[in-house]
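Protein chains get the first letters and strands the later ones, always in sequence-line order, with residue 1 at the start of each.
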2 protein chains.
Amino acid sequence: MDTPAPALPPHPTEDVTEHVGYRLKRASAALRTAMDKALREHDLTVPQYSCLELLDQQPGLSNADLARGTFVTRQSANVVLRGLKEAGLITRPATTDQGRALPVHLTPAGKQRLHTARTAVYAIEERMVNAIPGKRLTALLKDLDTMAEALGE
Amino acid sequence: MDTPAPALPPHPTEDVTEHVGYRLKRASAALRTAMDKALREHDLTVPQYSCLELLDQQPGLSNADLARGTFVTRQSANVVLRGLKEAGLITRPATTDQGRALPVHLTPAGKQRLHTARTAVYAIEERMVNAIPGKRLTALLKDLDTMAEALGE
DNA sequence: TCAGTCATGTCAAAATGCTGACATGGATAC
DNA sequence: GTATCCATGTCAGCATTTTGACATGACTGA
């Protein structure tokens, strides 16, 4: 009798909390909570911060671009942008010559706010990164990417 | 002149999309979307499914327990439970002898619904798991856990 | 006994996000 | 040219989730 091993079933445990999905959600929720708390002191929400960060690196992104980049719908992104404009952190033309996409840019105030908030956020990410063996970091990043792609329709 | 290397900075890239937080969010969002789509055919939302799954493994959990287990507030969990009760998938006493916590249980219909929906969800998780080198799965699970703990105050 | 603390359940209001729908500008096929 | 398709921005309505607040039951320490 030698079936090589009890052959851990494809879905190993009956304990949901052992599943990848659960762990993923848990880690993600923890990050979200930590960022939320940290950003509150800078009067920013997580989606707002995410938009600022993307705009800092790629000025001129459109609403739809930002929606894709922050993993929400165009409609949700639109609301975020309205808030950021209201706060004077971004500019957005009412019209454009070419196409429909309206390019968004950070104002000086926007850059300022982002730069101060960033230190708080980076401190959080540092806590995360330092907690895992440096050796595995790149593998972790790759695996997260791989999973995301495997699910992308 | 021989600084040993460009000495990859503690926060390696200026590209946000390379950060762990971004990848985490991306993977989590992809999973959420996939589950949402799959569960819709079973008339369940992701939080509803999560509650059913937890209750199947640990009958008698309270609303607060489920809130912690699904990473939402007590108030949100309460709304979810109301929906599940409305749909006849769970039972929840109006009062209790001991304490305030009201134990929730699955109805036969609840178990039934869970079992059919589960196959759809497991198929998704399978896509995820199969995409990553089996060797790294346990390390990945551990790292996700480690990160969550590192952030939990 | 009794005051203080904690966890639970719940109400109300606000914020946030999504689905569905529509109009417009651009690109493409014919 | 024109018909079709796609991406964008936006409106409206609905669902979900959170924050803030309050009352209740249980435990603890004085």
Side-chain angles (χ1 to χ4, degrees), chain A residues 25 28-41 43-51 54 58 60-87 90-105 153, chain B residues 25 28-41 43-51 58 60-87 90-105:
Chain A
K25 188 171 180 179
S28 188
L31 175 59
R32 171 75 184 224
T33 299
M35 285 183 65
D36 244 326
K37 192 154 68 175
L39 286 173
R40 187 161 317 173
E41 299 169 17
D43 270 299
L44 285 176
T45 66
V46 172
Q48 283 176 336
Y49 168 78
S50 303
C51 281
L54 285 176
Q58 304 177 53
L61 287 183
S62 70
N63 174 46
D65 290 330
L66 292 167
R68 279 187 291 270
T70 58
F71 313 109
V72 296
T73 61
R74 289 197 308 275
Q75 294 87 331
S76 296
N78 206 345
V79 175
V80 173
L81 285 189
R82 239 177 277 173
L84 288 175
K85 185 164 186 178
E86 182 98 15
I90 62 164
T91 63
R92 199 186 184 199
T95 72
T96 180
D97 300 358
Q98 187 67 350
R100 292 202 78 202
L102 304 175
V104 183
H105 288 270
E153 69 255 49
Chain B
K25 188 171 181 180
S28 187
L31 175 59
R32 171 75 183 226
T33 299
M35 284 183 65
D36 243 326
K37 191 154 71 175
L39 285 172
R40 189 162 313 173
E41 298 168 19
D43 271 298
L44 285 176
T45 65
V46 172
Q48 283 176 335
Y49 168 79
S50 302
C51 280
Q58 304 178 52
L61 288 182
S62 70
N63 175 46
D65 290 330
L66 291 167
R68 279 186 292 268
T70 57
F71 313 109
V72 296
T73 61
R74 290 197 307 275
Q75 293 87 330
S76 296
N78 206 347
V79 174
V80 173
L81 285 189
R82 237 176 279 173
L84 288 174
K85 185 165 188 178
E86 183 99 15
I90 63 164
T91 64
R92 199 186 183 198
T95 72
T96 179
D97 299 359
Q98 187 67 350
R100 293 201 77 202
L102 305 174
V104 183
H105 289 270

Donor-acceptor pairs under 3.5 angstrom involving side-chain atoms of residues 92-100 of chain A: please list them, not counting sequence neighbours.
none

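- When every heavy atom of A:K25 is checked against every heavy atom of B:S50, the shortest pair comes out as NZ-OG, 3.8 Å.
- Mapping A:R100 and A:R82 onto DNA chain D via the closest heavy atom, the residue that lands nearer the 5' end is A:R100.
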Legend entry - Contact letters for nucleotides 14-21 of chain D, in which S counts primed atoms plus P, OP1 and OP2 and B counts the base, heavy atoms under 4.0 Å: --SSBBBB
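- Between B:V46 and B:L39 there is a side-chain heavy-atom pair separated by less than 4.5 Å.
- For the helix from C:dT1-D:dA30 to C:dC30-D:dG1, the angle separating the two terminal helix axes comes to 30°, with each axis derived from five pairs and the value rounded to 10°.
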Identify the pairs formed between an N or O of the protein and an N or O of nucleotides 1-6 of chain D at a distance under 3.5 Å, and give each distance.
none

Contacts under 3.5 angstrom, residues 72-83 of chain B side chains, donor-acceptor by atom type, not counting sequence neighbours:
from, atom 1, to, atom 2, distance (Å)
B:T73, OG1, B:S76, N, 3.2
B:T73, OG1, B:S76, OG, 3.1

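- With a cutoff of under 4.0 Å to any heavy atom of chain A, the contacted region of DNA chain C is bounded 5' to 3' by C:dT16 to C:dG26.
- Contact record, A:R32 with A:P47: NH2-CD, 4.1 Å, taken as the closest heavy-atom pair.
- B:S62 and B:D65 share a donor-acceptor pair across their side chains, judged by distance under 3.5 Å alone.
- Separating the OG1 atom in B:T70 from the CD atom in B:Q48 is a distance of 11.5 Å, to the nearest 0.5 Å.
- Residue B:D36 holds its CG atom at 10.0 Å from CG of B:L31, rounded to the nearest 0.5 Å.
- Regarding A:N78, its CG atom lies at a distance of 18 Å from the P atom of D:dA7, rounded to whole Å.
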